[in-house]
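Have a look at the structure below, then the notes.
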Amino acid sequence: MRSTGRSVRVAIASLLGPVGERVPDVRRIAVLRANALGDFIFTLPALESLRAAYPEAEIVLLGAPWHAKLWRDRPGPVDRVLVVPPAPGIRDPGPDEPPAPMDDFLERTAKEGIDLAVQVHGGGANSNPLMSRLGARVTAGLRAEDAPPLDRWIRYVYYQHEVIRYLEVVALVGAPATTVIPALAVTDADRAEALAVLGEPDRPRVALHPGATDTRRRWPAGRFGEVARSLHGDGYEVLVTGTPAERELVDAVVVAAGVPVRPQVGTLSLGGLAAAYAGCELVVSNDTGPLHLAGAVGTSTVGIYWLGNLINGATPLRARHRPIASWTTHCPVCGVDCTPGIYPHRPGDGECPHRDSFVTDVPVVEVLEAAAELLRPEPGAPR
């Protein structure tokens with residue numbers, strides 16, 4: 001007997017635990033997720049589940065300015081973005097962003113008639129009070145020990161895969177999981193932008209992304225350069241992507257490569273970058289937003305992860321993805337064990353001031369072997 005799409009969805013939902021009662025007569029859902037790119041990518045399956053459970057409702061993302069730009073004219077589960085003002089524990093202000101009173105924002109948003117407010121924005125110490133002021137009939141979300149409760153909540157426990165974390169939240173309001181795989185649509189405008197910037201490829205493309213906001217998650221630039229040199233030698237066009245703040249890092253990779261590669265720093269919007277990655281055979285990256293963006297547009301990835309981040313963020317899929325783990329747990333500078341910060345009953349304080357890389361124990365050969373498996377699969381392996 002062939003499985004129907006509905007039976008597959010039911011199977012996924014049953015594997016992920018109990019599902020709460022659906023909220024009746026929902027016309028508008030507000031979802032708070034206002035932080036970084038990778039964090040948002042992890043919420044996409046939860047947003048898809050809300051869309052499936054409440055097909056007639058408007059889903060309003062309470063996000064950052066970049067969310068509004070990314071979601072303009074893009075198909076998917078978000079109907080509209082309201083930019084939430086910068087606030088502690090919510091989001092940092094952008095460059096030259098004028099201040100905006102949070103009270104005014106909450107008052108305006110409450111007047112829109114929010115029926116259901118969903119918090120998928122961390123433990124809730126800062127975000128749950130905001131959700132409670134939206135005037136929603138039902139609030140739901142995460143709750144750490146120091147956070148006030150919502151109408152329906154699930155305990156925030158740090159080590160849990162982010163996708164599953166948010167699927168459990170929306171299940172509280174009767175939205176069972178329909179997928180566990182984040183997916184982001186690439187638009188014609190995205191493709192046109194990428195084509196205008198990059199041109200048509202004359203050979204297969206790959207991309208490297210050596211940056212990460214947290215410098216402890218950065219694999220050394222020289223090793224990215226070695227990977228670039230090897231892939232160039234195998235006949236690939238190599239892009240090296242980065243944000244304007246990462247220009248020096250990208251330049252270091254270009255120098256280390258010693259072969260012609262194409263640095264792309266600030267040349268593409270986020271949508272254009274999504275299209276550029278969608279046109280690549282492979283993206284090799286640290287654990288950061290662009291890595292998860294590449295996976296969401298269907299591109300194969302090799303990701304370099306610190307062990308703890310592997311638990312929370314690495315895709316469990318292996319047909320097209322190879323997460324590679326660093327097992328370093330002690331600071332490479334002072335030797336402090338950095339795991340007790342999460343486990344207060346264990347010896348040590350788990351904190352140190354250093355931000356040197358925790359992923360330098362990942363050798364180049366492991367990354368190249370993983371890349372070769374994905375770029376040149378053996379007979380019978382997924383393509």
Which heavy atom of [X] sits nearest to which heavy atom of [Y], and what is that distance?
{"X": "A274", "Y": "V186", "value": "O-CG2, 4.2 Å"}
{"X": "T315", "Y": "P323", "value": "O-CG, 3.8 Å"}
{"X": "V170", "Y": "S49", "value": "CG2-CB, 4.1 Å"}
{"X": "G271", "Y": "L70", "value": "N-CD1, 4.3 Å"}
{"X": "G308", "Y": "Y159", "value": "O-CE2, 3.5 Å"}
{"X": "A212", "Y": "N286", "value": "CB-CB, 4.3 Å"}

Closer than 3.5 angstrom, by distance alone: can the side chain of [X] be matched with the main-chain N or O of [Y] as a donor-acceptor pair?
{"X": "E226", "Y": "R223", "answer": "no"}
{"X": "R216", "Y": "S357", "answer": "no"}
{"X": "R51", "Y": "A57", "answer": "yes"}
{"X": "E373", "Y": "A370", "answer": "no"}
{"X": "R218", "Y": "D214", "answer": "no"}
{"X": "D287", "Y": "G313", "answer": "no"}
{"X": "T215", "Y": "R355", "answer": "yes"}
{"X": "W71", "Y": "V78", "answer": "yes"}
{"X": "H121", "Y": "A34", "answer": "yes"}
{"X": "D115", "Y": "R27", "answer": "yes"}

Give a yes-or-no answer on whether the side chains of [X] and [Y] include a donor-acceptor pair shorter than 3.5 Å.
{"X": "S269", "Y": "E193", "value": "yes"}
{"X": "E112", "Y": "T109", "value": "no"}
{"X": "T241", "Y": "H209", "value": "yes"}
{"X": "Q119", "Y": "N128", "value": "yes"}
{"X": "D337", "Y": "T339", "value": "yes"}

In terms of hydrophobic clustering (I, L, V, M, F, W, Y; side-chain heavy atoms under 4.5 Å; direct or indirect links), are [X] and [Y] co-clustered?
{"X": "L44", "Y": "I181", "answer": "yes"}
{"X": "V261", "Y": "V284", "answer": "yes"}
{"X": "V118", "Y": "I90", "answer": "no"}
{"X": "V197", "Y": "V283", "answer": "yes"}
{"X": "I164", "Y": "Y158", "answer": "yes"}

Can you tell me how far apart [atom1] ([X]) and [atom2] ([Y]) are? Round to the nearest 0.5 Å.
{"X": "R320", "Y": "L282", "atom1": "CZ", "atom2": "CG", "answer": "11.0 Å"}
{"X": "R217", "Y": "T288", "atom1": "CZ", "atom2": "OG1", "answer": "5.5 Å"}
{"X": "H321", "Y": "T299", "atom1": "NE2", "atom2": "OG1", "answer": "8.5 Å"}
{"X": "T213", "Y": "L37", "atom1": "OG1", "atom2": "CG", "answer": "10.0 Å"}
{"X": "L32", "Y": "N126", "atom1": "CG", "atom2": "CG", "answer": "10.5 Å"}
{"X": "L134", "Y": "T139", "atom1": "CG", "atom2": "OG1", "answer": "9.0 Å"}

Just so I know, are the side chains of [X] and [Y] near enough to count as touching, which here means a heavy-atom distance under 4.5 Å?
{"X": "L198", "Y": "L239", "value": "yes"}
{"X": "L374", "Y": "R322", "value": "yes"}
{"X": "Y305", "Y": "I324", "value": "no"}
{"X": "V163", "Y": "R165", "value": "no"}
{"X": "P210", "Y": "V240", "value": "yes"}
{"X": "W306", "Y": "W327", "value": "no"}
{"X": "V31", "Y": "L62", "value": "no"}
{"X": "V83", "Y": "W66", "value": "no"}

Tell me whether [X] is salt-bridged to [Y], with the criterion being a basic N under 4.0 Å from an acidic carboxylate O.
{"X": "D190", "Y": "R74", "value": "yes"}
{"X": "E237", "Y": "R205", "value": "yes"}
{"X": "R33", "Y": "D39", "value": "yes"}
{"X": "R133", "Y": "D103", "value": "yes"}

**Prompt:** Is NZ or CZ of R22 both nearer than 6.0 Å to the six-membered ring centre of Y54 and within 45° of the ring axis?
**Reply:**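 Yes - R22 lies over the ring of Y54, closer than 6.0 Å to its centre and within 45° of its axis.
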**Request:** Test the R108-F105 pair against the cation-pi criterion, namely NZ or CZ under 6.0 angstrom from the six-membered ring centroid and within 45° of the ring axis.
**Result:** no
**Message:** Run the side-chain contact (heavy atoms from CB on, under 4.5 Å) test on R28 and V60 for me, step by step, so that the C-alpha distance in whole Å, both residues' side-chain angles and the decisive distance to 0.1 Å come before the verdict.
**Reply:** CA-CA 7 Å; R28 184 164 291 120; V60 180; 4.1 Å; yes
**Message:** As a quick check of understanding, evaluate side-chain contact (heavy atoms from CB on, under 4.5 Å) for V364 and F224, giving each step before the final call.
**Reply:** CA-CA 8 Å; V364 171; F224 273 105; over 6 Å; no
**Asked** More than 12 non-hydrogen atoms from neighbouring residues, nucleotides or ligands closer than 6.0 Å to CG on D104, yes or no?
**Response**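 Yes, because the 6.0 Å sphere around CG of D104 holds more than 12 heavy atoms from other groups.
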**Request:** Evaluate the side-chain contact (heavy atoms from CB on, under 4.5 Å) criterion for residues C331 and F358: first the C-alpha distance (whole Å), next the side-chain angles of each, then the deciding distance (0.1 Å), finally the verdict.
**Result:** CA-CA 7 Å; C331 172; F358 267 62; 4.2 Å; yes
**Request:** Take H292 and F40, measure what side-chain contact (heavy atoms from CB on, under 4.5 Å) needs, and give me the verdict at the end.
**Result:** CA-CA 10 Å; H292 306 297; F40 176 70; over 6 Å; no
